[in-house]
Amino acid sequence: MKSQKIRFIAVACFIMMIVSVEAIADDAEKVIQITAKRFVYSPNDITVKKGMPVVLEFTSLDRLHGFSCPGLGIRSDIPPQKVTRLRFVPQKTGTFPFHCDNFCGSGHEGMTGTITVTE
Ligand SMILES: [Cu+2]
């Protein structure tokens with residue numbers, strides 16, 4: 001009888017542990033992988049939630065690009081051959097354009113996208 005009680009408590013603890021780990025995961029940052037190449041980001045239309053931490057993981061498939069989103073006050077160089085991580089917490093809702101701000105050739109001007117921050 002006693003061992004059954006202990007087993008019940010052990011199982012209950014285990015379930016509570018799983019539930020709390022999931023609660024933490026919900027608050028964790030959202031990772032979005034973005035590739036950059038002449039003259040496109042993929043994806044180039046990103047939706048995130050206000051107040052939820054976001055990590056943009058950029059990989060350039062060809063040369064040095066840039067990422068600048070003035071409306072959200074974030075920018076980074078995107079050098080080739082490595083992953084560049086850019087973390088931010090969106091503090092306002094809206095649609096914010098971004099663009100490549102390292103000249104990467106004819107067509108560079110069209111290298112753009114948007115980040116939409118929802119409530
Ligand atoms: Cu570029």
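Only this structure's heavy atoms are used, side chains among them; waters, hydrogens and symmetry mates stay out. Being a predicted model, the structure only gives us computed values, none of them experimental. By convention here, the first residue in the shown sequence is residue 1. Both counts, for ligands and for their atoms, begin at 1 and track the order of listing.
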*Got a donor-acceptor contact below 3.5 angstrom from the Tyr41 side chain to the Phe98 backbone?*
no

_Atom name of the N, O or S atom in His65 that lies nearest to the Cu ion (ligand 1)_ = ND1

*Is there a side-chain contact between Phe58 and Val83, using heavy atoms and a 4.5 Å cut-off?*
no

Can I get a per-line list of side-chain donor-acceptor pairs under 3.5 Å for residues 87-95, giving both atom names and the distance, sequence neighbours left out?
from  : atom 1 : to    : atom 2 : distance (Å)
Arg87 : NE     : Glu29 : OE1    : 2.8
Lys92 : NZ     : Gly71 : O      : 2.9

*Of all the atoms in His108, is at least one N, O or S atom closer to the Cu ion (ligand 1) than 2.8 Å?*
no

*asked:* Under the side-chain contact (heavy atoms from CB on, under 4.5 Å) test against Ser68, which residue among Asn102, Ile74, Asp101 passes?
replied: Asp101

*Could you tell me the angle subtended at the Cu ion (ligand 1) by SD of Met111 and SG of Cys100, rounded to 10°?*
110°

